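Written below as structure tokens is the structure these notes are about.
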Amino acid sequence: MPRLTRFAALSASWLASLALLACETPAPEPAPTPEDIAAGLLPAVQIAGEEPVTFTVEARLRHYNVPGVSVAVMDGGSVVWARGWGVADRESGRMVTPSTLFQAASISKPVAALVALSLVQEGRMSLDRPVNDYLTGWRVPESELTADSAVTLRGLLTHSAGLTVWGFPGYRKDRPFSEDQLIASNAQVLDGQGNTDEVRVYKVPGTSWQYSGGGYTVMEQLVEDVTGLPFHEAALSRVLEPAGMELSTYAQPLPEDRWSEAARGHRRDGSEVEGEWHTYPEQAAAGLWTTPSELLILSAHLLGILNGSVTDGVLPRSMVEAMLTPHHPGEDRYRHWGLGFGLSGQGAAATFGHGGSNEGFRAQWTVYGNRGQGVAVMTNGDGGADLAQEVIRAVSAAYEWPHFKPVLRVRRPMSVAELEAFTGQYALEGSPDLVITVRAGEDRLEIDVPGEGAFTVLPSADGEDEFFDADSGEVLRFERDEAGSVTAGVGPDGNRFRKR
């Protein structure tokens, strides 16, 4: 066949193939799998000019000294997969599964808020009347601060009631509270007879935002006084069972027949929490045991209420919308807080959720309400917060979410001699017994925090005395005196550490 004829024949065949392809529907992209996520964890920071970094989940479990992690993902308004990695406890080697119970810690709060709001919906209490109108087993002590502005349920749920006690350390599972009590009562916790300060009004209610686990313990007492039931029973009948959270419980202590389902908590050095985990009598604030799957089952339930596909939900649509509406919108001092949920973004990028931090447990729950997408990550280690964020970034990349992307930073070269200027011990202002130690490495600083372990920070090109943590993305800045000597360090939360 002449070359030209052969070319014409090939061209005709090629054109026929194109015509055939044009009639076919392109194959959809395969959905991300748990294996995709496990192989592509992303740090908070990528370094400009260097190859992008990804990690495996197994490598990061070792890096953070976290025994296990459980993850669930929601797409299209329903849970599409759930998977566990690592172990629930190192002693037995029991593996984490999607059914393994973890402590939700402060994720307990928005779920507990649903319980209180169900009573508001029934007209048994109000969001805006003084809670003392309903409390009988304990009452908020009145003072000049409450003379013209009372503590209300709305204030409790939005952390704007002006109450003290930000969080709770819990109690060792293997030690009863007293000879005749397994756990402290709400009244004992609220009056400072447990292991935290008393819960009191310290600023005028409704005037500003301050996170308060103590406020949620007041709410717990409120639910018990109005229903006449222990909080865990009210939560079970009003929220957990109706929403399909079959494994979850607020029961404290966790019943012994369920211990085999639970992950044990672990410290940053990988050692087990004394007594395996802590008990939290502050159930509404920190006492929920659950799984990532069940947090997303609840998420799907709430989204179903909003879109009308769920008609017999735990709350009506109007109340769920109120939960997900920022308190005092436009006022940054309220941190865009809803009735129990933390809120962020707008439109398709709007999210609701919460984080959690108990002794030996860290967790994160985030949902895109308008996209029907979400993720919940639960870990059984104090080092699990950064790990959870790395998982969420991997999920975000795989599902093309608008948030949770690594930040690109420029690393500034520094010699060991330059880094030596920052070394030494630094005491926290106001708490001089808390001392951190800064050491110089070859191209970085190592920060040793008592009880938290060591982490490294890299010199940043954004500032002469600025460093960043590539794992968390947090920034540490140093201050100098007029002579140029380093005098203090300032952490990402604004805490100042004076150099000794």
Side-chain angles (χ1 to χ4, degrees), residues 66-72 79 82 84 86-89 92 94-115 167-174 182-184 213 216-217 220 223 230-266 272-273 275-299 340 353-365 376-382 384 388:
V66 174
V69 58
S70 184
V71 182
V79 181
V87 296
D89 71 83
S92 70
R94 179 167 48 93
M95 303 300 292
V96 172
T97 74
S99 298
T100 302
L101 291 175
F102 287 78
Q103 289 193 353
S106 286
I107 289 175
S108 305
K109 293 180 175 69
V111 183
L114 291 164
V115 183
F168 299 103
Y171 302 79
R172 284 182 55 156
K173 172 176 76 75
D174 56 348
L182 279 177
I183 62 172
Y216 271 73
T217 304
E220 179 178 327
V223 168
F231 182 81
H232 73 274
E233 291 184 13
L236 182 66
S237 62
R238 290 177 170 273
V239 174
L240 303 183
E241 285 185 340
M245 300 175 73
E246 298 176 353
L247 299 176
S248 303
T249 181
Y250 275 97
Q252 292 286 335
L254 181 68
E256 189 170 350
D257 62 0
R258 303 202 65 183
W259 288 3
S260 63
E261 303 171 48
R264 298 182 183 182
H266 294 78
E272 191 175 286
V273 167
E276 300 177 359
W277 58 75
H278 281 192
T279 292
Y280 289 83
E282 308 88 1
Q283 297 165 47
L288 178 64
W289 285 91
T290 189
T291 71
S293 298
E294 296 212 336
L295 289 175
L296 294 185
I297 287 171
L298 175 60
S299 305
H354 213 289
S357 176
N358 271 9
E359 297 290 317
F361 294 89
R362 299 291 187 273
Q364 188 65 48
W365 174 29
V377 184
M378 307 189 81
T379 75
N380 59 338
D382 283 339

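The first residue of the sequence shown is numbered 1, and numbering continues consecutively from there. Bear in mind the structure is a predicted one, so any value in this text is a computation, not a measurement.
Closest approach of Y280 to E359, counting heavy atoms only: OH-N, 3.0 Å. Of all non-hydrogen atoms in P281 and A184, the two that sit nearest each other are CB-O, 3.3 Å. Between L254 and A262, the shortest heavy-atom distance links the atoms CD2-CB, 3.8 Å. Between L298 and M245, the shortest heavy-atom contact is CB-SD, 3.7 Å. Of all heavy-atom pairs spanning S237 and P242, the tightest one is O-CG, 3.3 Å. Across all non-hydrogen atoms, the minimal contact from A112 to Y250 is N-OH, 3.1 Å.
Distance check: E282 CD to I183 CD1 gives 8.5 Å after rounding to the nearest 0.5 Å. From T290, atom OG1 reaches atom CD of E246 across 11.5 Å, with rounding to the nearest 0.5 Å. Atom CZ in R94 sits 4.5 Å away from atom CG in D89 (nearest 0.5 Å). Between the CH2 atom of W259 and the NZ atom of K173 there is a distance of 3.5 Å, given to the nearest 0.5 Å. Note that the OG atom of S70 and the CG atom of N380 stand 10.0 Å from one another [nearest 0.5 Å]. Here CG of L236 is found 4.0 Å from CD of E241. Values are rounded to the nearest 0.5 Å.
Here the side chain of R258 pairs no donor or acceptor atom with the backbone of L101 at under 3.5 angstrom. Within the 3.5 Å criterion, the main-chain N or O of S248 finds a donor-acceptor partner in the side chain of E294. Judged by distance alone, with hydrogens and angles left aside, the side-chain atoms of Q364 form no donor-acceptor pair with the main-chain N or O of M378 at under 3.5 Å. H232 places no side-chain N or O within 3.5 Å of a backbone atom of P230 that could act as its donor or acceptor partner. Using modelled atom types, one side-chain atom of E220 and one backbone atom of A284 make a donor-acceptor pair closer than 3.5 Å.
Contact check for Q103 versus W289: side-chain heavy atoms found under the 4.5 Å cut-off. In this structure the side chain of H278 reaches within 4.5 angstrom of the side chain of V273, judged on heavy atoms. Side-chain atoms of I107 and L295, non-hydrogen and from C-beta on, do get closer than 4.5 Å to each other. Between S99 and L247, the closest side-chain pair of non-hydrogen atoms falls below 4.5 Å. Within the 4.5 Å cutoff, no side-chain heavy atoms of T100 are placed close to those of E261. Side-chain contact check for W277 versus N358: every heavy-atom pair is 4.5 Å or farther apart. Taking the side chain as every heavy atom from C-beta outward, T249 and L288 never approach each other to under 4.5 Å.
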Next on the checklist: Pair R362, T379 - check side chain to side chain donor-acceptor pair (under 3.5 Å), show working.
Outcome noted: CA-CA 5 Å; R362 299 291 187 273; T379 75; over 6 Å; no
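Here S299 pairs with M74, L296, W365, V367 under the side-chain contact (heavy atoms from CB on, under 4.5 Å) rule; sequence neighbours left out. For R238, the side-chain contact (heavy atoms from CB on, under 4.5 Å) test picks out V115, S118, L119, E122, R124, T227, with sequence neighbours left out. Under the side chain to side chain donor-acceptor pair (under 3.5 Å) criterion, S108 pairs with no residue at all, not counting sequence neighbours.
The number of heavy atoms from other shown groups lying within 6.0 Å of CD (E233) is above 12.
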